[in-house]
Visitor: 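Structure below; questions to follow.
What you see is a predicted model; the values in this text were computed from it and never measured. Protein chains get the first letters and strands the later ones, always in sequence-line order, with residue 1 at the start of each.
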Protein chains: 2
Amino acid sequence: MAPTSEPLTAERILEATEEVLRRHGPAKATVVDVARALGVSHGSVYRHFRTKAALREAVTKRWLDRTSEELSGIAADEDRVPEARLRDWLEALFRAKRRKAGDDPELFATYMVLAGENGTAVAEHIGDLIAQLARIVRAGVDTGAFAAADPDRTARAVFQAGGRFHDPCHARAWEKPGVEDDFAAVVDLMLRGLAAR
Amino acid sequence: MAPTSEPLTAERILEATEEVLRRHGPAKATVVDVARALGVSHGSVYRHFRTKAALREAVTKRWLDRTSEELSGIAADEDRVPEARLRDWLEALFRAKRRKAGDDPELFATYMVLAGENGTAVAEHIGDLIAQLARIVRAGVDTGAFAAADPDRTARAVFQAGGRFHDPCHARAWEKPGVEDDFAAVVDLMLRGLAAR
DNA sequence: GGAATGACAGATTTCAACATCTGTCAGCTG
DNA sequence: CAGCTGACAGATGTTGAAATCTGTCATTCC
């Protein structure tokens, strides 16, 4: 709106884009809207992002990275036993996703659309999360708490088996009564499957 | 088209509806089309199904029941050991879904739309499948092969943990290289989790 | 001279007039 | 008279002309 004296950076454009997406939704958020919100012409936005798709991808990456960072602390906490770390990590992922979906369903739906457009960014994010899991699994194998011939493969399996509690396509199920226990049952099954005997 | 002398039954209407859905897709399949395919007026269809939604629900139920029946044989085969039965059942479910999604993607997409419209029918179908799993789990507990304090809860957990390999919302992932091994890894983890120690 | 602008062509989206569909029912038909 | 028909009202979907958007670039501005 009001022209700012600050220089136009990619960062400022990304913030404005998030705001426009929040207000207008993914279908009606245009580059012209973003430019208007910043008080510049839309041509200036194209100086920082080659296409609208590239702009949306950058927004998506930022959003996904925020979630990764929330969890990386738990995965890296080598002071705690692997069982507890794994439980906490999975629970933190579930709670983070559920909170985002429940608090602002429209914004969550917006980011689901963006994620759908950017398979690559999502794949990288998932790779990131599985790497965090692999770190916990390897720690467990090292202490003798877990048995896993191939920690990376096992980490993938844990991630995929927990899909119902973090994959956005199941978001509607996260509000139903009983999910908490369903989640606990799946985690119990996985931890039993991991435990050395 | 050509008027048949056969009486107009709910069964014949359902068959014609499936055909119309196959040809036109879920968005363009109308009750008028179904009536035309049968050589009757659309008013006659409304004699057997109160609404278009009811007709679609009946088609959905038929389709879901066909899958349930495919699997019930494995679940009921008390002669085989529970580990093998569980493996086979999960694999049969995965293969059946993958075949349906891969062979005729458009038809599969059609049924995904129908399923989305009929939450109740889907919930019943899922209840059915989990009951079949529970039967296998209970058999395993009886023979001492499995440890499960609450077989129904465990059956739910097994079903949900395998979601990535039977839930239609992951259908695109079923064609990617590596799914086979991902599936095997998740089944291995679950069977280890079930095994008595 | 590097950053921003705004007019422009082609692609995409809106919107309202028009067409089709759903569900009902009085009456026809065998 | 049981089953079917077809005209109908209101709801839903289609269509194409007008409006908006995307991406470019010659020009302006500091």
Visitor: Roughly, in whole Å, what's the span from CZ in R50(A) to P in dT24(D)?
Guide: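 Rounding to the nearest Å, CZ of R50(A) and P of dT24(D) are 9 Å apart.
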Visitor: Does dT5(D) have its OP1 or OP2 closer than 4.0 Å to a side-chain nitrogen or oxygen of S41(B)?
Guide: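 Yes, within the criterion.
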Visitor: Hey, which sits more toward the 5' end of DNA chain D by its nearest nucleotide, K28(B) or L8(B)?
Guide: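 Between the two, 5'-proximity favours L8(B).
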Visitor: Base, sugar-phosphate, or nothing: which does V32(B) touch, judged by heavy atoms less than 4.0 Å apart?
Guide: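 If one applies the 4.0 Å heavy-atom cut-off, V32(B) turns out to touch a base.
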Visitor: Quickly work out the R56(A) CZ to dC21(D) P distance and round it to whole Å.
Guide: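 Spelled out: CZ on R56(A) to P on dC21(D) is 14 Å.
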Visitor: Please answer whether the main-chain N or O of A29(B) pairs with a side-chain N or O of D33(B) as donor and acceptor at a distance below 3.5 Å.
Guide: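 Pair absent, no side-chain N/O of D33(B) close to backbone of A29(B).
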Visitor: Let me know the distance between CZ of R36(A) and P of dT20(D), rounded to the nearest Å.
Guide: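 Interatomic distance, CZ of R36(A) to P of dT20(D): 10 Å.
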Visitor: Is the F94(B) ring parallel, tilted or perpendicular to the W174(B) ring (thresholds 30°, 60°)?
Guide: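 Plane angle over 60°, so perpendicular.
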Visitor: If we ignore angles and hydrogens, is there a donor and acceptor under 3.5 Å between the side chains of S68(B) and D65(B)?
Guide: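 There is no such pair (donor and acceptor under 3.5 Å, judged by atom type) between the side chains of S68(B) and D65(B).
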Visitor: Start with the C-alpha distance between H125(B) and K61(B), add both sets of side-chain angles, then the distance that settles side chain to side chain contact (heavy atoms under 4.5 Å, CB included), and finish with yes or no.
Guide: CA-CA 8 Å; H125(B) 175 242; K61(B) 279 215 172 89; over 6 Å; no
Visitor: Atom OH of Y46(A) and atom P of dC25(D): how far apart are they, to the nearest Å?
Guide: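 To the nearest whole Å, that distance equals 14 Å.
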Visitor: Starting at atom NE2 of H42(A), determine the distance to atom P of dC21(D), rounded to an integer number of angstrom.
Guide: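 Rounding to the nearest Å, NE2 of H42(A) and P of dC21(D) are 10 Å apart.
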Visitor: Rounded off to whole Å, could you give me the CZ-to-C1' distance for the R47(B) and dG6(D) pair?
Guide: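 To the nearest whole Å, that distance equals 14 Å.
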Visitor: So, does D150(A) use its side chain to make a donor-acceptor pair with the main chain of R153(A) at under 3.5 Å?
Guide: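 Answer holds: yes.
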Visitor: With nearest nucleotide decided by heavy atoms, which residue, A27(B) or K52(A), maps closer to the 5′ end of DNA chain D?
Guide: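 Going by which nucleotide is closer to the 5' end, it is A27(B).
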Visitor: Output yes when D77(B) and R85(B) qualify as a salt bridge under the 4.0 Å nitrogen-oxygen rule, no when they do not.
Guide: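 R85(B) and D77(B): not salt-bridged.
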Visitor: About how many Å separate CD1 of I126(A) and CD of Q160(A), when rounded to the nearest 0.5 Å?
Guide: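 Spacing of CD (Q160(A)) from CD1 (I126(A)) equals 9.0 Å.
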Visitor: What's T30(A) touching, base or sugar-phosphate or nothing? Going by heavy atoms closer than 4.0 Å.
Guide: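 Here T30(A) touches the backbone only, sparing every base.
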Visitor: Between which nucleotides of DNA chain C, 5' to 3', does chain A make heavy-atom contacts below 4.0 Å?
Guide: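 Taking any atom under 4.0 Å from a heavy atom of chain A, the span is dA3(C) to dA7(C).
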